[in-house]
Asker: 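Sending over a structure as structure tokens; questions will come in a sec.
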Amino acid sequence: MAATPAGRAVKRLVVLVSGSGTNLQALLDEIDRVGREAYGAEIVAVGADRDGVEGLARAERAGLPTFVRKVRDHASREEWDHALAEAVAAHDPDLVVSAGFMKIVGKEFLARFGGRVVNTHPALLPSFPGAHGVRDALAYGARVTGCTVHFVDDGVDTGPIIAQGVVEIRDEDDESALHERIKDVERRLLVEVVGRLARNGYRIEGRKVVIQ
Ligand code: GRF
């Protein structure tokens with residue numbers, strides 16, 4: 001698998017969210033701060049798998065188009081995946097950023113956007129994949145955890161790793177305190193990685209991601 005978002009000087013990002021959208025906000029703030037040309041990308045739309053989440057409200061406040069595709073509004077998972085892929089494709093993205101999007105995309109989505117979908121996960125993959133990465137690291141008794149920005153493949157949090165950030169686990173941590181410290185590192189890492197991918201282009205060589 002190889003991919004380089006070439007062509008446009010300012011790459012088009014579609015961001016997918018399911019929750020509070022603080023990672024989305026970090027991207028919006030940085031693009032605002034440095035300008036889309038200097039950052040190398042702009043957010044052209046925000047999608048979600050549910051209504052009423054703060055991530056969508058943040059997008060609306062930023063004046064961005066939004067869309068919602070809920071699994072339960074479709075007859076099958078495949079139909080939902082098709083609808084999500086269509087909604088994303090309508091915005092012609094160079095990169096899709098899954099920023100706290102709590103759904104696994106399907107075959108069609110990956111066939112259309114594979115090698116261009118970046119996800120952020122709140123643990124040091126390949127440890128603690130899945131929906132409870134923070135809780136699982138705590139329960140395991142790990143002394144360090146963190147976050148991983150990676151490309152999405154057809155597994156659960158198994159795609160090629162782009163960058164990771166480390167966070168120490170403290171004796172007094174509960175899931176929410178630890179998650180907040182992880183998110184602090186995660187937001188900075190995501191902003192840095194997406195900007196570098198957009199500005200420099202990249203290749204995926206097996207499990208290795210080479211940013212040019
Ligand atoms: C992040 O920690 C992400 O890795 C996880 O959910 C959190 C989303 O946070 N899957 P936000 O919605 O960006 O605030």
Side-chain angles (χ1 to χ4, degrees), residues 1-5 13-24 26-27 49 71 77 81 84 95-171 173-198 200-212:
M1 183 165 47
T4 306
L13 309 177
V14 169
V15 180
L16 301 177
V17 299
S18 296
S20 61
T22 63
N23 281 283
L24 164 67
L27 287 164
D49 62 330
V71 172
R77 193 80 188 193
D81 189 55
L84 182 70
L95 288 170
V96 180
V97 182
S98 160
F101 185 62
M102 300 304 282
K103 286 282 180 303
I104 304 294
V105 296
K107 280 207 176 76
E108 179 179 341
F109 194 95
L110 285 175
R112 291 169 75 168
F113 303 108
R116 292 191 285 148
V117 188
V118 174
N119 181 51
T120 174
H121 179 75
L124 291 173
L125 295 171
S127 293
F128 313 118
H132 304 293
V134 180
R135 186 191 307 172
D136 293 346
L138 254 185
Y140 195 85
R143 300 311 317 193
V144 293
T145 185
C147 51
T148 303
V149 179
H150 65 97
F151 282 107
V152 173
D153 68 4
D154 59 2
V156 177
D157 300 324
T158 53
I161 290 172
I162 311 168
Q164 295 184 297
V166 177
V167 174
E168 269 187 54
I169 297 181
R170 298 178 185 157
D171 291 339
D173 268 336
D174 59 14
E175 185 180 349
S176 111
L178 178 58
H179 200 173
E180 279 314 310
R181 288 209 314 289
I182 291 171
K183 284 175 69 168
D184 232 39
V185 175
E186 191 178 20
R187 288 188 281 263
R188 279 181 268 135
L189 191 70
L190 184 70
V191 164
E192 190 222 305
V193 165
V194 169
R196 281 173 53 216
L197 293 172
N200 300 359
Y202 61 90
R203 296 192 307 278
I204 303 173
E205 299 174 350
R207 290 215 51 86
K208 297 267 164 60
V209 177
V210 182
I211 301 182
Q212 279 132 14

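In this chain, residues are counted from 1 in sequence order. Atom set for the values below is all heavy atoms of this structure, side chains included, hydrogens, waters and symmetry mates excluded.
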Asker: Quick check: do H150 and P160 have side-chain heavy atoms less than 4.5 Å from each other?
Answerer: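 Sidechains of P160 and H150: no contact.
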
Asker: Decide side chain to side chain contact (heavy atoms under 4.5 Å, CB included) for V105 and F113; before the verdict, give the C-alpha distance in whole Å, the side-chain angles of both, and the deciding distance to 0.1 Å.
Answerer: CA-CA 10 Å; V105 296; F113 303 108; over 6 Å; no

Asker: What I'd like to find out is whether the side chain of T145 reaches to under 4.5 Å of the side chain of V134, using heavy atoms alone.
Answerer: no

Asker: May I have the step-by-step check of salt bridge (charged side-chain N to carboxylate O under 4.0 Å, His left out) for R77 and D81, ending in yes or no?
Answerer: CA-CA 6 Å; R77 193 80 188 193; D81 189 55; over 6 Å; no

Asker: Within a radius of less than 6.0 Å around CZ of R170, do more than 12 heavy atoms belonging to other residues, nucleotides or ligands occur?
Answerer: no

Asker: Charged N to carboxylate O below 4.0 Å: is that the case for R135 and D174?
Answerer: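 D174 and R135: not salt-bridged.
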
Asker: With rounding to the nearest 0.5 angstrom, report the NZ to CD distance, K183 to E186.
Answerer: 7.5 Å

Asker: I'd like to know whether R116 forms a side chain to side chain contact (heavy atoms under 4.5 Å, CB included) with V96, so could you lay out the CA-CA distance, the side-chain angles of the two residues, the decisive distance to 0.1 Å, and finally the verdict.
Answerer: CA-CA 6 Å; R116 292 191 285 148; V96 180; 5.7 Å; no

Asker: What is the minimum heavy-atom distance between H121 and P129, and which atoms define it?
Answerer: NE2-CA, 3.7 Å

Asker: For the residue pair L124 and G146, what are the closest heavy atoms and their distance?
Answerer: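 Scanning both residues completely, I find the closest heavy atoms to be CG-N, 3.7 Å.
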
Asker: Determine whether the aromatic ring centres of residues F151 and Y202 are separated by less than 6.0 angstrom.
Answerer: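 Here the rings of F151 and Y202 have centres that are less than 6.0 Å from each other.
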
Asker: Taking the side chain from T148 and the backbone from A123, do they hold a donor-acceptor pair closer than 3.5 Å?
Answerer: yes

Asker: Measuring from atom CD1 of I162 to atom CG of L197, what distance do you get when rounded to the nearest 0.5 angstrom?
Answerer: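 Rounded to the nearest 0.5 Å, the CD1-CG separation comes out at 5.0 Å.
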
Asker: So, D157 side chain and G130 main chain: donor-acceptor pair closer than 3.5 Å or not?
Answerer: yes

Asker: Could you state the interatomic distance from NZ (K208) to CD1 (I161), rounded to the nearest 0.5 Å?
Answerer: 11.0 Å

Asker: Return the CZ to CG distance between F101 and L84, rounded to the nearest 0.5 Å.
Answerer: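 So the gap between those two atoms works out to 5.0 Å.
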
Asker: What's the spacing between L178 CG and L138 CG if we round to 0.5 Å?
Answerer: 5.0 Å

Asker: For R181 and D173: C-alpha separation, side-chain torsions, deciding distance, then whether side chain to side chain contact (heavy atoms under 4.5 Å, CB included) applies.
Answerer: CA-CA 10 Å; R181 288 209 314 289; D173 268 336; 2.8 Å; yes

Asker: So, for V152 and V118, which heavy atoms are closest and what is the spacing to 0.1 Å?
Answerer: CG2-C, 4.5 Å

Asker: Please check if the side chain of Q164 supplies one atom and the backbone of L125 the other of a donor-acceptor pair under 3.5 Å.
Answerer: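 Yes: the side chain of Q164 pairs with the backbone of L125.
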
Asker: More than 12 heavy atoms of other residues, nucleotides or ligands under 6.0 Å from CD of E168: yes or no?
Answerer: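 Check fails, neighbour count at 12 or below.
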
Asker: Has the side chain of S98 got a donor or acceptor atom that lies under 3.5 Å from a matching backbone atom of N119?
Answerer: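 Here the side-chain-to-backbone pair does not exist.
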
Asker: Can you tell me which residue among V193, V17, L190 is in a side chain to side chain contact (heavy atoms under 4.5 Å, CB included) with V97?
Answerer: L190

Asker: Given 3.5 Å as the limit, does a donor-acceptor pair link the side chain of N200 with the main chain of Q212, or not?
Answerer: yes

Asker: Grab the two heavy atoms, one from V15 and one from A99, that are nearest each other, plus how far apart they are.
Answerer: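 Heavy-atom minimum between the residues: CG1-CB, 4.0 Å.
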
Asker: Give, for atom CG of D49 and atom OG of S18, the distance between the pair rounded to the nearest 0.5 Å.
Answerer: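 Going from the CG atom of D49 to the OG atom of S18 covers 3.5 Å.
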
Asker: Is there a salt bridge (charged side-chain N to carboxylate O under 4.0 Å, His left out) between R188 and E192? Walk through the geometry before answering.
Answerer: CA-CA 6 Å; R188 279 181 268 135; E192 190 222 305; over 6 Å; no

Asker: Measuring only between side-chain heavy atoms, which start at C-beta, is R143 closer than 4.5 Å to D171?
Answerer: yes

